[in-house]
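Let me begin by presenting the structure, written as structure tokens, before commenting on it.
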Amino acid sequence: MAHAHESHDSSSPKRSRVVVLGGGFAGVYTAMALERALGKRDDFEIALVNRENYFVFQPMLPEVISGSIGITDVVSPLNRLLPRTTVHLREVEGVDLERRRVVLSPGFRPHAHEIEYDHLVLALGNVTDFRGFPGLPEHALPFKNLGDALALRNHAIRCLAEAAVEDDDPELRRQLLTFVVAGGGFSGVEVAAELNDFVRAVGPGHRGIDPAEIRVVLLHSQERILPEMAEPLALFAQRILARRGVELRLQTRLAAATSAAAVLNGGERIPTRTLVSTVPSFPHPLIEQLALPKGRGGRVVASPELEVEGSKGVWAVGDCAQVMTPDGATAPPTAQHAIREAAVAAHNIVASIRGGSRKVFAFYGLGKMGSLGHRSAVAEVFGVRLSGFLAWWMWRTVYLMKMPGWGRRLKVAVAWTLDLVLPPELVQLRLGGSRGASREHYEPGQDVFQQGEVGDRLYLILKGEVEVVREDEGESRRLARLGPGEWFGEMAVLRQTMRNATVRCVSPLDLLSLPREEFGVLSTHIPDLRQRFERVAQERSPDAASAAVVRE
Ligand SMILES: Cc1cc2nc3c(=O)[nH]c(=O)nc-3n(C[C@H](O)[C@H](O)[C@H](O)COP(=O)(O)OP(=O)(O)OC[C@H]3O[C@@H](n4cnc5c(N)ncnc54)[C@H](O)[C@@H]3O)c2cc1C
């Protein structure tokens, strides 16, 4: 592949280039501190790479669910925050530590882009990774960025609207009106609290939805939620959530998911169409690949000066770094630590370029705060523990003042004030079109579809087995057992009829599901494919000898 290459300008005296990877708290605050240090001088240049053109103020992200602040109020455009930084809106694809280059994904021109660096700041954060958990990649919603928050909000609104009209199917209604959140750390608790407030505020506004039908369940693997907080505050949070109707399932792990249930470690299934999971957290895949010293949880080991052990000019900050405080503890992965690490890293980078003394990271945290929605929160600040309204007021004030830019602070303050008197915003912002090809996971006993339903998708078995069963005048006949590489659902899709059999999962099943429209395009343009599907549909049709379709 051809490469575009940004090297140093050889006609002017060499300026150092600092390349920051990641535009979250750690990356943005490093670049802001570098810009301040640059002042009127021009002895180094700054580049920052991020996949979005905005910085997300994550502590307020859960508020997007209820719309209590404007959707774009939790984000700030990087170009406004960093006027003297070259911002690359790209995916970081690799780092060549030997040649001191970063490889970025192609933009409009179809070739990869390389940037040389003198100093590299690793600030890529960590990732929520569902790999290895059956059905989670297909059916669980993560909660990390603005897209995730919007997707959850839209999905919750859709579930309520569907529940209001699906009044003849009690099982489906139960699934639609049950919302499950996995992970009882700060982000999981805040998401559960906001989601609970939202669905309970707007749900009963739909015809026929009884508030008693709505369930919000929070799953947590340990004995109590908020393990980062002192026990009395965590217990207070549990009481508040329970009072508002959140069901707490402690010492419970999420083991798998299907489109219609959250499967717990003991095998219990909670019927739901909404599963949000803020766990498990894993190191960023790019960080995993780099030949750098790693510590707990795969984080890059940074020295107290934030430089990576044994790699001069490579710095690590934020959630992707393991940073020790002078008392030997590891700095937790929080925004307040990321901001302080960024300031120290920027100072030391400038000291390496210009000469001068370096600083060490010595921040022990100001406290911890978590919102519980409904004007309540828990806080531990400078050793003082607060809960309830006072903690909530402090939570709002502190985070408001920490938001970058007065304009944004003003917008959020106005939105919060209006939120006190106006009902929650219920507009659904659908961003994508219809659901295209997707993967689905099923557990034994679950029906992929039932005889008599509308046939709008075709399924290819990737893993596991199904049986095809037809009900005929009260008698149930097993027609076939299908396994990996085989497909089903073609008959109703090809002939636009209703499903003429039920397909039931018999062992944990992974499927690729293709909508009728996409299948139509493929089969129109690949005649061989259509003929093959037609042939199988013919063999499997109820009129054909049933023995011919039983393949075991
Ligand atoms: C819902 C939620 C609530 C939270 N609440 C609080 C709170 O109340 N208080 C608190 O202190 N902390 C809170 N946190 C934690 C805090 O947000 C993190 O500790 C902080 O964001 C870490 O900053 P970071 O820059 O290391 O990582 P991130 O903020 O995750 O930033 C990483 C950036 O790198 C970008 N990126 C990643 N990979 C690539 C790639 N390959 N190419 C290009 N760009 C890439 C990402 O898009 C992202 O912008 C919360 C987190 C969440 C998810």
Side-chain angles (χ1 to χ4, degrees), residues 19-31 48-65 74-76 78 81 87-95 102-105 113 121-128 141-149 152 181 183 185-195 226 228-229 276-279 281 283-290 299-300 302 316-323 331-342 345 363 365-372 377-380 394-396 398-399 402:
V19 176
V20 181
L21 303 186
F25 276 97
V28 165
Y29 278 81
T30 304
L48 181 140
V49 190
N50 197 50
R51 48 168 84 101
E52 299 93 10
N53 90 324
Y54 51 75
F55 157 72
V56 185
F57 196 80
Q58 280 179 344
M60 281 186 193
L61 202 53
E63 305 221 2
V64 169
I65 302 171
V74 283
V75 295
S76 303
L78 291 173
L81 290 176
V87 177
H88 296 257
L89 293 185
R90 296 278 178 91
E91 186 78 22
V92 184
E93 294 204 325
V95 179
V102 175
V103 183
L104 308 186
S105 60
H113 188 91
V121 182
L122 300 171
L124 290 165
N126 57 22
V127 292
T128 311
L141 301 164
F143 199 88
K144 230 170 156 37
N145 57 42
L146 186 61
D148 299 336
L152 174 57
V181 179
F186 278 115
S187 48
V189 166
E190 290 181 358
V191 169
E194 276 291 322
L195 188 60
L226 298 176
E228 307 89 342
M229 288 215 133
V276 191
S277 186
T278 57
V279 285
S281 205
H284 194 288
L286 212 116
I287 296 288
E288 245 177 342
Q289 287 165 19
L290 293 179
R299 299 203 270 163
V300 179
V317 280
D319 286 5
C320 71
Q322 178 175 303
V323 181
T334 71
Q336 54 172 318
H337 287 84
I339 292 172
R340 269 62 174 208
E341 288 163 18
F363 174 71
L366 299 174
K368 298 159 194 149
M369 289 188 280
S371 164
L372 304 174
V378 279
E380 235 176 282
M394 200 164 80
W395 179 90
R396 286 215 149 172
V398 167
Y399 282 124
K402 283 196 171 162

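Just so you know, residue 1 is the first one in the sequence shown, and it goes up from there. The figures here come from the full heavy-atom set of this structure, side chains too, leaving out hydrogens, waters and symmetry mates. Remember, it's 1-based here, ligands and their atoms both numbered in the order they're listed.
Using cut-offs of 30° and 60° on the angle between ring planes, the pair Phe55 and Phe25 is perpendicular.
Each of the atoms 47 (O), 49 (O) of ligand 1 lies under 4.0 Å from some heavy atom of Glu52. Proximity to Gln336 (heavy-atom distance under 4.0 Å) selects the following atoms of ligand 1: 11 (O). The distance from ligand 1 to the heavy atoms of His284 drops below 4.0 Å at these ligand atoms: 37 (C), 38 (N), 39 (C), 41 (N). Ligand-side atoms of ligand 1 in range of Leu124: 32 (C), 34 (O), 36 (N), 37 (C), 38 (N), 39 (C), 45 (C), range being under 4.0 angstrom from any heavy atom. In summary, the atoms of ligand 1 found under 4.0 Å from a heavy atom of Gly23, numbered by their order in the structure, are 33 (C), 34 (O), 49 (O). The atoms of ligand 1 that sit less than 4.0 Å from any heavy atom of Phe143 are 1 (C), 53 (C). When each atom of ligand 1 is checked for a heavy atom of Phe25 under 4.0 Å away, the hits are 20 (C), 21 (O), 23 (O), 25 (O), 29 (O). Close approach of ligand 1 to Gly318 (heavy-atom distance below 4.0 Å) involves ligand atoms 26 (O).
Contact annotation: Phe186 has no heavy atom less than 4.0 Å from any atom of ligand 1. Distances from ligand 1 to the non-hydrogen atoms of Arg90 include at least one value under 4.0 Å. Residue contacts with ligand 1 leave out Phe55, since none of its heavy atoms falls under 4.0 Å from the ligand.
For atom 6 (C) of ligand 1, the closest non-hydrogen atom of the protein is Pro59 CG, 3.7 Å. Protein heavy atom nearest atom 10 (C) of ligand 1, with residue, atom name and distance: Ala335 N, 3.5 Å. Here the protein heavy atom with the shortest distance to atom 29 (O) of ligand 1 is Gly24 CA, 3.6 Å. Looking from atom 34 (O) of ligand 1 to the surrounding protein, the closest heavy atom is Gly22 CA, 3.4 Å. The protein atom (non-hydrogen) at minimum distance from atom 1 (C) of ligand 1 is Ser187 CB, 3.5 Å. With hydrogens left out, the protein atom closest to atom 8 (O) of ligand 1 is Tyr399 OH, 2.9 Å, a heavy atom. Protein heavy atom at the shortest distance from atom 35 (C) of ligand 1 is Asn50 OD1, 3.0 Å. At the top of the distance list for atom 25 (O) of ligand 1, counting protein heavy atoms only, stands Ala26 N, 2.9 Å.
Exactly one residue among Leu89, Val74, Val75 makes a side chain to side chain contact (heavy atoms under 4.5 Å, CB included) with Tyr54. That residue is Val75.
Under a 3.5 Å cut-off, the side chain of Glu91 and the backbone N or O of Leu104 do not form any donor-acceptor pair. A donor-acceptor pair is defined here as one N or O able to donate and one able to accept, closer than 3.5 Å; such a pair exists between the side chain of Glu190 and the backbone of Ser371.
Minimum interatomic distance between Cys320 and Gly125 (heavy atoms only, all atoms of both residues): CB-O, 3.3 Å.
Atoms CG and CG, on Leu146 and Asp148 in that order, are 8.5 Å from each other to the nearest 0.5 Å. Within the model, atoms CD of Glu380 and CG of Leu226 stand 10.0 Å from one another, a figure rounded to the nearest 0.5 Å. Rounding to the nearest 0.5 Å gives a distance of 8.0 Å between CG of Asn145 and CD of Gln58. Taking CZ of Arg299 as the start and CD1 of Ile287 as the end, the distance is 11.5 Å to the nearest 0.5 Å. Note: Asp319 CG to Asn126 CG = 4.5 Å, rounded to the nearest 0.5 Å.
Counting only heavy atoms, the protein never gets under 4.0 Å from atom 14 (N) of ligand 1.
The distance criterion of under 3.5 Å between nitrogen or oxygen atoms is met by Arg51 with respect to ligand 1. Taking any N or O of Glu190, backbone or side chain, none lies under 3.5 Å from an N or O belonging to ligand 1. In terms of N/O distances under 3.5 Å, ligand 1 is approached by Val92. Residue contacts with ligand 1: Pro333 is placed with a nitrogen or oxygen under 3.5 Å of a nitrogen or oxygen of the ligand (distance criterion only).
Of the candidates Asp148, Val56, Asn126, Asp319, the one placing a heavy atom closest to atom 19 (O) of ligand 1 is Asp319. Of the listed residues (Lys368, Gln58, His337), the one carrying the non-hydrogen atom nearest atom 16 (C) of ligand 1 is Gln58.
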Is there a side chain to side chain contact (heavy atoms under 4.5 Å, CB included) between Arg340 and Leu366 once you walk through the steps? CA-CA 11 Å; Arg340 269 62 174 208; Leu366 299 174; 3.4 Å; yes

Given side chain to side chain contact (heavy atoms under 4.5 Å, CB included), test Leu81 with Val28 step by step and report yes or no. CA-CA 8 Å; Leu81 290 176; Val28 165; 4.0 Å; yes

Passes side chain to side chain contact (heavy atoms under 4.5 Å, CB included), Val191 versus Val189? Steps please. CA-CA 5 Å; Val191 169; Val189 166; over 6 Å; no

Is there a side chain to side chain contact (heavy atoms under 4.5 Å, CB included) between Leu124 and Leu286? Walk through the geometry before answering. CA-CA 9 Å; Leu124 290 165; Leu286 212 116; 3.9 Å; yes

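With respect to Arg396 and Glu63, a salt bridge is recorded, a charged nitrogen being found less than 4.0 Å from a carboxylate O.
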